[in-house]
Amino acid sequence: MRKCAMMVLMAVLLGILCGCAAKPADPESHAVVVGFSQLGAESSWRIANTKSVEAAAREYGFGLMTENANQKQEKQIDAIRSFIAYQVDVIVFSPIVETGWDNVLNEAKQADIPVILVDRMIASENADALYTAYIGADFYAEGCRAGEYLIRKADHDHLEHVRIAEISGTPDSTPMRDRQRGFLDTIQGDSRFEVIDSISGDFLRSKGEECMTFLLGKYGRDGIDAVYSHNDSMTLGALSVLERNGIEPARDILLITVDGEKEAVDALKAGKINCVVQCTPDLGDEVMQLVQDLKAGKEIPRVTHPKEGAFSDLDDLTDPSVEGF
Ligand code: GYE
């Protein structure tokens with residue numbers, strides 16, 4: 001008996017080590033099986049998002065096959081193909097970049113498997129025909145909130161010239177594109193602001209450090225007034241570089257970030273970040289509600305955006321609603 005239990009444990013561990021898909025224990029026992037292609041584990045946001053989807057699937061009693069692509073588009077394409085072969089009921093998919101999905105999504109369509117895009121969008125001439133619904137943040141609005149904060153801050157502190165360095169997310173991804181567009185559209189035409197550089201940190205903390213080191217080397221500590229970073233992981237990396245160089249974050253160089261993870265909100269409260277634009281990773285419940293409605297033959301909304309806001313040093317940070325995930 002003990003030997004048997006050991007063998008089961010070994011098999012489970014082997015599965016984990018191989019990085020095999022987390023197949024539902026007994027798919028037959030679930031009325032609905034969902035295939036979830038997650039793009040990676042690059043940030044606290046992503047890890048919280050994966051947990052949210054997994055917890056919601058359990059709550060709804062759906063079988064969930066999760067595949068994590070470790071930042072590789074080809075792996076996501078393979079995962080979707082495996083879901084099609086398995087004939088899952090619904091594919092839930094968070095595309096790492098916007099382009100390059102036409103073939104595989106056409107295959108899902110031909111197999112009659114609906115696709116729900118979660119978090120990120122796809123771009124294609126034929127995009128509308130390739131997915132059933134999208135649920136995720138309005139990244140353009142997030143970029144606007146970052147820009148609006150900077151305008152308020154410049155007004156408040158009577159800043160006349162703000163040289164901004166942007167640390168952007170993964171190139172060709174929806175949050176990178178739209179956070180940039182929203183920000184630039186908001187500050188454009190205001191002569192106080194000058195974007196001096198924009199470099200990609202791929203949404204990774206380690207690359208946020210590298211980017212900040214590079215920017216300081218290129219412009220010097222007195223050549224940058226503000227950093228707009230597309231996520232908290234990169235911001236926290238950049239912040240540590242500033243501190244190591246004796247530069248006071250949020251004072252010597254303004255820091256504006258997006259996501260709202262606990263560590264960033266705590267840094268805001270500690271006066272080390274100026275503004276945190278919220279982006280919620282808790283999309284699981286709404287995704288599974290869409291799956292349920294879809295299976296029940298109900299009409300589902302084509303686009304769902306969660307409600308989000310922003311916290312900053314110009315707000316009351318003692319308000320209990322100011323908290324991170
Ligand atoms: O901001 C970042 C993550 O797509 C909204 O991806 C998501 C972004 C999030 O890696 O932290």
Side-chain angles (χ1 to χ4, degrees), residues 36-53 68-73 75-76 92-99 101 116-123 131 134-146 166-183 198-211 227-239 255-268 273 275-284 286-287 303-311 324-325:
F36 174 38
S37 167
Q38 178 59 290
L39 65 90
E42 73 284 4
S43 62
S44 302
W45 191 99
R46 185 68 48 203
I47 290 161
N49 177 250
T50 305
K51 281 191 187 147
S52 164
V53 171
N68 194 310
N70 287 320
Q71 258 58 43
K72 301 242 175 347
Q73 178 167 33
K75 283 187 105 183
Q76 286 204 279
V92 170
F93 157 51
S94 187
I96 179 152
V97 290
E98 291 197 337
T99 50
W101 306 105
I116 297 178
L117 298 178
V118 60
D119 169 33
R120 298 186 184 178
M121 250 295 176
I122 55 163
Y131 67 92
Y134 165 75
I135 169 160
D138 182 342
F139 300 120
Y140 182 81
E142 291 175 353
C144 293
R145 275 180 211 119
E166 179 183 53
I167 303 181
S168 71
T170 305
D172 190 30
S173 71
T174 319
M176 180 270 147
R177 288 185 165 177
D178 289 354
R179 285 174 184 165
Q180 181 172 71
R181 239 174 7 102
F183 181 74
S198 175
I199 49 174
S200 173
D202 226 359
F203 288 126
L204 292 167
R205 191 168 179 144
S206 57
K207 288 212 183 157
E209 284 194 35
E210 282 172 27
C211 287
V227 169
Y228 169 42
S229 152
H230 287 190
N231 86 343
D232 289 345
S233 298
M234 296 188 297
T235 309
L236 292 164
L239 193 156
L255 285 182
I256 303 164
T257 184
V258 190
D259 273 356
E261 68 175 79
K262 193 170 179 315
E263 199 178 337
V265 174
D266 287 348
L268 169 73
I273 285 179
C275 175
V276 176
V277 175
Q278 269 184 308
C279 179
T280 179
D282 292 328
L283 302 171
E286 278 161 296
V287 170
V303 175
T304 309
H305 290 313
K307 278 211 179 66
E308 290 166 345
F311 309 128
F325 56 80

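Every number for a ligand or one of its atoms is a count from 1 in the order of the listing. Everything numeric here is computed off the predicted structure, so don't read it as measured data. When reading the values below, keep in mind they use all heavy atoms of this one structure, side chains included, and skip hydrogens, waters and symmetry mates.
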One pair to check against side chain to side chain contact (heavy atoms under 4.5 Å, CB included): Asp119 and Phe139. What are the steps and the verdict? CA-CA 10 Å; Asp119 169 33; Phe139 300 120; 3.4 Å; yes

At a 4.0 Å threshold, what atoms of ligand 1 neighbour a non-hydrogen atom of Phe203? 2 (C), 10 (O)

Test item, Ala137 contacting ligand 1 (heavy atom, 4.0 angstrom): no

Part of Glu142 with heavy atoms under 4.0 Å of ligand 1, whether side chain, backbone, both or neither: neither

Taking a cutoff of less than 4.0 Å between a non-hydrogen atom of the residue and any ligand atom, is Met176 in contact with ligand 1? no

Against heavy atoms of Pro175, which atoms of ligand 1 measure under 4.0 Å? 4 (O)

Would Cys279 count as a contact residue for ligand 1, given that I'm defining contact as a non-hydrogen atom of the residue lying under 4.0 Å from a ligand atom? yes

For atom 10 (O) of ligand 1, what's the nearest protein heavy atom and its distance? Glu42 OE2, 2.4 Å

For the residue pair Ser233 / Ser43, report whether a side-chain donor-acceptor contact shorter than 3.5 Å exists. no

Distance in Å, Arg205 CZ paired with Asn231 CG, rounded so as to fall on 0.5 Å steps: 10.5 Å

Using a strict cut-off of 4.0 Å, indicate which atoms of ligand 1 neighbour a heavy atom of Phe139. 5 (C)

For the residue pair Trp101 and Phe93, is the inter-centroid distance of their aromatic rings smaller than 6.0 Å? yes

Provide the number and element of each atom of ligand 1 under 4.0 Å from a heavy atom of Arg46. 3 (C), 4 (O), 6 (O), 7 (C), 8 (C)

Quick one: look up the protein heavy atom nearest atom 8 (C) of ligand 1 and list residue, atom name and how far away it is. Arg120 NH2, 3.7 Å

Atom 9 (C) of ligand 1: nearest protein contact (heavy atom, Å): Asp259 OD1, 3.4 Å

Any side-chain heavy atom of Glu42 within less than 4.5 Å of one from Leu204? yes

How far is atom 2 (C) of ligand 1 from the closest protein heavy atom, and which atom is that? Asn231 ND2, 3.4 Å

Which of the atoms in ligand 1, numbered in the order shown and given with their element, are less than 4.0 Å from a heavy-atom of Ser43? 2 (C), 3 (C), 10 (O), 11 (O)

Just by distance, with hydrogens left out, do Gln38 and Thr50 show a side-chain donor and acceptor under 3.5 Å apart? yes

Below the 3.5 angstrom mark, is there an N/O of Asp119, backbone or side chain, next to an N/O of ligand 1? yes

Trace of the side chain to side chain contact (heavy atoms under 4.5 Å, CB included) decision for Leu39 with Arg46: CA-CA 8 Å; Leu39 65 90; Arg46 185 68 48 203; 3.5 Å; yes

Donor-acceptor pair between Gln180 and His230 side chains, under 3.5 angstrom: no

Evaluate the side-chain proximity of Pro171 to Asp202: yes if any heavy-atom separation is below 4.5 Å, no if none is. yes

